[in-house]
Amino acid sequence: MIGNLLRRRPLPEAIGQQTDDLLRSAVGVRGSDSEAAWGLLEDAHVLSQPWVRPHVRVHIAMLSLGWSQRDRAEIVGQLGRLIVAGPGSATGRYPVGNIGRATVSAFEPMPIRDDLSQLLDHAGEESSSDGTHEPAPSTQDGAVLYKITGWFGGLALKSYARRRKPISDPAAAQQQQLLKLVRTAEDTRFGHDHDFSGIDSVADYQSRVPIRSFDEFWTDYWSEPFPTLNNVTWPGTIRYFARSSGTTTGESKHIPCSDEIIKANNRGGLEVLLSHLANNPKSKVSAGRTFLFGGSPALDELAPGVFAGELSGIAARETISWAGTDRYYPPPELAAITDWNDKVERFAQDCVGKNIRTISGVPTWLQVLFDQAFETADSDDRRLVSLFPDLELIAHGGINFEPYHDAFTDLLEGSHAELREAYAASEGFIAVADRSPGEGLKLLLDNGLFYEFIEADQLDQPNPKRHWIGNVELDTDYALIITSCAGLWSYAIGDLVRFVDLETPRILVAGRVSHTLSTFGEHITGEQLEIAVATAARTVGVHVNDFAVASILGTTSAVGHHRYVIEATGDPGVDLAAATDNSLAQQNADYRTKRADDIVISAPEVRTVPNGTFATWMTANGQAGGQRKVPRVTTPEQLDHITHTATEA
C-alpha cells in the first residue's frame with residue numbers, strides 16, 4: 001500500500017531533473033550564499049508539491065539548511081511541514097505555489113513564476129497525453145500516510161527536542177528581538193510618532209515609548225481606522241482581531257492579531273510539545289490526535305478580509321486545512337456548533353475512541369467535559385485512562401492551576417499522561433512549563449515578544465521604573481508589559497509574574513492585576529487566593545472546581561470581611577472558611593495584621609454551591625466557552641447572582 005501511494009502519480013522526468021538540479025545547487029552555495037540557497041529551495045518546493053517523494057525531500061533540505069543556520073523558527077516550521085507534506089501531496093490538498101518556508105503561511109497559495117509555471121503545465125500535458133491520470137486517493141490511503149508521516153515527524157521532533165540548547169544570553173536575545181520589531185515597524189504611523197529610526201538599544205526604546213493600556217491604544221491609534229488597521233502600529237493590514245472579554249469587566253476588546261503573531265503562536269504551541277518530548281523520549285504523542293478544546297470557531301467579518309473572534313477561532317481558521325482530522329480533534333462539523341452546552345455534550349459523546357494523545361484547554365471547562373464524558377460512558381471508573389487509554393499530555397493554561405491540582409491528579413491515576421502548563425494570552429504566547437510543575441514557566445525570548453516588568457507596588461506611580469530581562473530580580477511580583485509582532489508597544493496586559501530562575505528565565509504567574517484584593521489594605525494577590533482556597537480544600541478533604549470572592553464593606557455594627565462562593569465536590573463542613581483564613585494569614589503579613597482581633601477584617605464567610613454552578617452562571621451571562629474564565633475577584637452583587645444560579649438549578 002505504501003509503495004502504491006508513492007507511485008500513485010509518476011514524476012515527470014523534466015520536473016524530477018529540475019528538482020534534483022535545484023537541490024544540488026542549493027547544497028553547493030549554502031556555505032557561501034545562504035539567501036541564494038533558500039531561493040533555489042523555494043523554487044524546488046513549488047515544483048515538487050504535487051509529488052510525495054520530492055516534496056518531502058525539499059522539506060528535509062530546508063530543515064537541514066535551517067539547522068545549519070541555527071534558525072529556530074525555520075527548524076520548528078520545517079518539522080511541522082514535514083509531517084503534513086506527504087499527505088498533502090498524496091491527497092492533492094496543498095497550497096499551490098507556496099514557497100515552503102517558515103517565513104510564510106503554510107497554507108497560503110502564491111503566484112507561480114512564469115518559468116516554473118511552464119514546467120508544471122508541460123508536466124500536466126505529458127500526464128494527460130500518456131494516460132497516467134492520478135486516481136483519487138482513498139480514505140485508507142490517507143490514514144496510512146498520516147501514520148507514516150506522524151512517525152517520521154515524531155522522530156524528527158524528538159531529535160530536535162534532545163539537541164537544541166537554551167539561549168546562552170537572554171538579555172542579548174531580548175534586545176535583538178526588540179530591535180527586530182522596531183526595524184520592522186519603522187515606517188508605520190506609530191514608528192514615525194516615536195522616532196523608531198533613532199532606536200538602537202532598550203534604553204532608547206524606553207525613553208521614546210510610554211506604557212499604554214488597551215484603552216489608550218484604542219483612543220490614540222486604533223479606534224478611528226478600525227476595523228481596517230493598515231500600517232498603523234504594525235506594517236500591512238491586520239487581518240484578524242482576537243476578541244478578548246478578559247475576566248473583570250466582560251467588555252470585549254479587539255486585540256490586533258497579525259500574520260506574524262499567528263506564526264509565533266503556532267511556534268509556542270510546538271514548544272509545549274517539544275518540552276513534553278524532551279522529558280519523555282519514548283513518547284508516541286505524534287501517532288494520535290490533539291484535542292483542541294477551545295472556544296467558538298465562529299468569526300465575524302468586520303470588513304472585507306478582516307475578521308474578529310476568539311483566538312481559538314482564528315487558530316482554527318489558520319490551521320492547515322490539509323492536515324486533516326487524523327491530526328486534530330474535533331472535526332469541523334462538531335467545532336462549528338455554536339451552542340456551547342450542546343457542543344460540550346456532543347464532544348463528550350464523540351471523543352472517546354478517537355486516539356486522543358493530547359488535550360489542551362482551560363482546567364475549568366476540561367472538568368466539565370470530562371464529567372460529561374464519564375456520564376456518557378456510564379462507567380464507574382472516573383479516571384481518564386478509561387476514556388483515553390493512550391493519552392500522554394494535558395496542556396492547560398489561562399488560570400492558576402493550584403485549585404485544580406488534586407482533582408486532576410485523581411483523574412490521571414493509572415495514566416502515563418503528564419500535565420504541562422502554557423502561558424498563552426490574546427496578546428501572544430509567552431511561556432511554557434519545560435520542567436516539573438511548580439518549577440516555573442520558561443519565557444519564550446525569541447518568539448516575537450519583548451518583555452518589560454514593573455514592580456507591583458509601583459503600578460500607581462506616574463513614572464515607575466521599567467525593568468527588562470537584563471535587570472529583573474528573583475521573588476519580586478512584576479506587572480508584565482509586552483511589545484509584540486502584532487503592533488502592541490509596551491502594552492500592559494494586566495498580569496502579575498514572578499521570576500524563579502534568571503539563567504534560563506522562568507516565571508510563575510501570580511495572577512491578574514485586577515484580581516488583587518485590597519479593599520481593606522490587605523494587598524492579597526490572585527496567586528495567594530488560589531493557594532489559600534486550594535490548601536483549605538486539601539485540609540478539609542474536598543475538591544474545588546471554581547470560586548470567586550468579594551469584599552463586604554463594614555457597617556456601624558459589623559466589621560468588613562471577605563465573602564467566598566466556592567464550588568466544591570464533597571462536604572466541606574464549616575472548616576473551609578477557617579482553613580482559607582489560616583492559609584492567607586500565613587502567606588500575607590498585611591492580611592495577618594488586619595485580621596488580628598477582627599479589628600479591620602473579620603473572619604471570612606464561605607458559601608458552597610453544587611457542582612456545575614459556575615458553568616451554568618457563565619452560560620447564563622453569555623460567557624460560556626473554552627477560553628472564558630471565572631473572575632476570581634468580583635462584587636457582592638455578582639456573588640449573589642452566582643448563588644441564585646445554584647438555587648435555581
Side-chain angles (χ1 to χ4, degrees), residues 246-251 364 399-400 402-403 456 460 494 496 510-537 539-540 542 544-568 571-610 613-614 616-618 620-621 623 629-649:
T247 55
T248 309
T249 66
E251 297 176 0
T364 312
I399 55 177
N400 190 303
E402 183 64 26
D460 296 331
L496 294 174
R512 298 283 294 171
V513 172
S514 58
H515 286 184
T516 299
L517 195 60
S518 196
T519 304
F520 310 108
E522 63 273 44
H523 305 299
I524 299 172
T525 66
E527 181 187 34
Q528 290 171 338
L529 286 171
E530 304 272 5
I531 292 173
V533 172
T535 302
T539 300
V540 303
V542 298
V544 169
N545 298 328
D546 240 318
F547 76 92
V549 59
S551 296
I552 307 300
L553 297 177
T555 65
T556 55
S557 59
V559 177
H561 65 283
H562 299 150
R563 176 182 297 161
Y564 295 80
V565 173
I566 299 178
E567 181 182 309
D571 182 12
V574 296
D575 296 329
L576 192 55
T580 302
D581 189 30
N582 289 337
S583 179
L584 280 178
Q586 291 174 12
Q587 296 181 71
N588 187 298
D590 286 337
Y591 180 79
R592 185 167 60 249
T593 299
K594 290 174 173 58
R595 274 286 292 118
D597 300 321
D598 293 350
I599 294 175
V600 179
I601 309 174
S602 62
E605 169 193 1
V606 170
R607 299 178 180 179
T608 57
V609 293
T613 297
F614 277 92
T616 302
W617 175 71
M618 293 281 281
N621 284 275
Q623 295 294 310
K629 293 159 278 188
V630 171
R632 287 291 181 246
V633 178
T634 185
T635 65
E637 292 76 19
Q638 289 283 45
L639 291 188
D640 289 341
H641 291 160
I642 296 168
T643 53
H644 182 65
T645 299
T647 61
E648 289 186 332

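Only this structure's heavy atoms are used, side chains among them; waters, hydrogens and symmetry mates stay out.
- Annotation for Val559 and Val600: closest pair CG1-O, 3.2 Å, computed over non-hydrogen atoms.
- In this structure, the side chain of Thr613 does not engage the main chain of Val609 through any donor-acceptor pair within 3.5 Å.
- For the atom pair Thr635 OG1 and His641 NE2, the distance stands at 8.0 Å (nearest 0.5 Å).
- Interatomic distance, Gln586 CD to Asp581 CG, rounded to the nearest 0.5 Å: 10.0 Å.
- Not one N or O on the side chain of Asn588 forms a donor-acceptor pair closer than 3.5 Å with the backbone of Leu584.
- A donor-acceptor distance shorter than 3.5 angstrom exists from the side chain of Thr643 to the backbone of Asp640, with no hydrogens or angles considered.
- In terms of heavy atoms, Pro604 sits closest to Tyr591 at CD-OH, 4.0 Å.
- Nearest heavy atoms, Ile642 versus Phe614: CD1-CE2, 3.7 Å.
- To the nearest 0.5 angstrom, Ser602 atom OG is 10.0 Å from Ile552 atom CD1.
- In this structure, Asp575 and Thr539 have side chains that are not in contact, with every pair of non-hydrogen atoms separated by 4.5 Å or more.
- Asp598 is linked by a side-chain hydrogen bond (donor to acceptor under 3.5 Å, both in side chains) to Arg595, counting only residues two or more places apart in sequence or in another chain.
- Contact check for Thr634 versus Val549: no side-chain heavy atoms found under the 4.5 Å cut-off.
- Between Tyr564 and Leu639, every side-chain heavy-atom pair lies at or beyond the 4.5 Å cut-off.
- Between the CZ atom in Phe547 and the OG1 atom in Thr608 there is a gap of 14.5 Å [rounded to 0.5 Å].
- No donor-acceptor distance shorter than 3.5 angstrom exists from the side chain of Ser583 to the backbone of Ala579, with no hydrogens or angles considered.
- The shortest distance between side-chain heavy atoms of Val544 and Glu567 does not fall below 4.5 Å.
- For the residue pair His562 / Glu605, no side-chain donor-acceptor distance below 3.5 Å is found, with atom types taken as modelled.
- Between Gln638 and Trp617 there is a side-chain heavy-atom pair separated by less than 4.5 Å.
- In terms of heavy-atom proximity, Thr580 sits nearest to Ala532 at O-CB, 4.0 Å.
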